[in-house]
Each structure stands twice: as C-alpha cells, then as structure tokens.
Amino acid sequence: MPLSEHEQRLLEQMERALYAEDPKFATALEGTGLRARSRRTVYAASAGFVVGVALLMGVAVTGLWWMGVVGFAVMLACAAIAFTAWRRAPRIGVADPRTGAPLRRRKTGVVDRMEQRWQRRHDEQRGA
C-alpha cells in the first residue's frame, strides 16, 4: 500500500535529517538489495557483451559467418538486458516497493523543483 503525501513528506524530512546528522551512516543504509541486484545484472550483461564482441571478432580469424551473426545477437541481447536492468534500478528519491522506504537522496530536475515549490506554497497558505 503506497504512502500518503503527508507520510511521504514526513519520511523525506526524516531522511534529510539523517543525512544532515550522520551522512556516512545514511550512505551505508542506502537501498542495497534492489540496486545490488540491478548492478550485478548490468555487470553480467556487460561481460556477455564482451563475449559477443569476441565472437564477432572471431569471424575475421575463422571466416565462419554464422559466428558473426551469433556474436551480434549476443551483443544485442546483452545490451538490451543491461539497459533494461539499468533503467529498472531504483532511482534517486524512489521508494523500495517492498518496504516503502526511500532509497537515497533525490536529484531533482526543473519540473520537480517547480512542483516542490508549488507544494510548499500551497502548504504554507493552508497553514497560514
């Protein structure tokens, strides 16, 4: 069950306070499980990509055209797997879907900053 907006804001405030108080400890607690799995997948796919390149280069040595096709297919598949794992890896400010805990500090873009300012103004007006 997702957290309400109020709960998310409270959680973000607690996270910022933790980072301000003890940044080394907070960094050690950043999302480990999901990111580590994604990182391992990207590393394995990168190794597979290198194998695909080796197969593709093997065509020059052996002259077997099918080895080039297999090498290219391996490279393409590994690149797709690595890209997918990289894109699905937990991002800054995204909560762990299993626990709902934020994984790390959020880097915001222009639209996100504008939305946060709008939300702050809205909250201030409601409180005043």
Side-chain angles (χ1 to χ4, degrees):
M1 179 167 85
L3 298 174
S4 70
E5 288 182 29
H6 178 68
E7 291 171 331
Q8 288 176 350
R9 279 191 300 246
L10 286 175
L11 201 54
E12 288 173 6
Q13 288 175 355
M14 291 184 337
E15 182 185 18
R16 282 193 298 268
L18 178 63
Y19 273 98
E21 186 177 311
D22 193 358
K24 187 176 180 182
F25 178 69
T27 304
L29 291 179
E30 285 181 341
T32 56
L34 296 174
R35 284 199 334 239
R37 190 173 114 202
S38 295
R39 190 178 313 123
R40 282 192 305 267
T41 303
V42 170
Y43 290 156
S46 299
F49 188 86
V50 170
V51 169
V53 169
L55 285 172
L56 198 58
M57 295 298 178
V59 172
V61 175
T62 62
L64 300 172
W65 65 269
W66 59 267
M67 190 178 350
V69 172
V70 170
F72 181 75
V74 168
M75 287 172 49
L76 189 62
C78 288
I81 290 168
F83 183 72
T84 302
W86 179 70
R87 295 276 298 178
R88 288 187 180 177
R91 296 286 172 246
I92 295 170
V94 176
D96 184 337
R98 294 178 294 192
T99 64
L103 295 173
R104 49 186 166 161
R105 285 182 281 168
R106 183 174 188 180
K107 290 183 184 175
T108 58
V110 174
V111 175
D112 290 332
R113 286 194 305 264
M114 289 174 59
E115 188 176 319
Q116 287 174 354
R117 286 184 203 147
W118 177 266
Q119 187 65 39
R120 263 187 304 212
R121 286 185 201 137
H122 182 69
D123 292 343
E124 288 171 1
Q125 288 176 355
R126 267 202 276 167

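Only a predicted model underlies this, so the values are computations on that prediction, with no experimental measurement involved.
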Which heavy atom of I81 sits nearest to which heavy atom of A45, and what is that distance?
CG2-CB, 4.1 Å

Side-chain polar contacts of residues 49-64 - donor-acceptor pairs under 3.5 angstrom, sequence neighbours left out - could you list them?
residue, atom, partner, partner atom, Å
T62, OG1, G58, O, 2.9
T62, OG1, L64, N, 3.3

Mind checking the CH2-NE2 spacing from W118 to H122? Nearest 0.5 Å is all I need.
8.5 Å

What distance separates R121 CZ from Q125 CD, expressed to the nearest 0.5 Å?
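Going from the CZ atom of R121 to the CD atom of Q125 covers 9.0 Å.
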
Please check if the number of heavy atoms outside Q119 that lie under 6.0 Å from its CD is greater than 12.
yes

Check R126 with D123, please: is the shortest side-chain N to carboxylate O separation under 4.0 Å?
yes

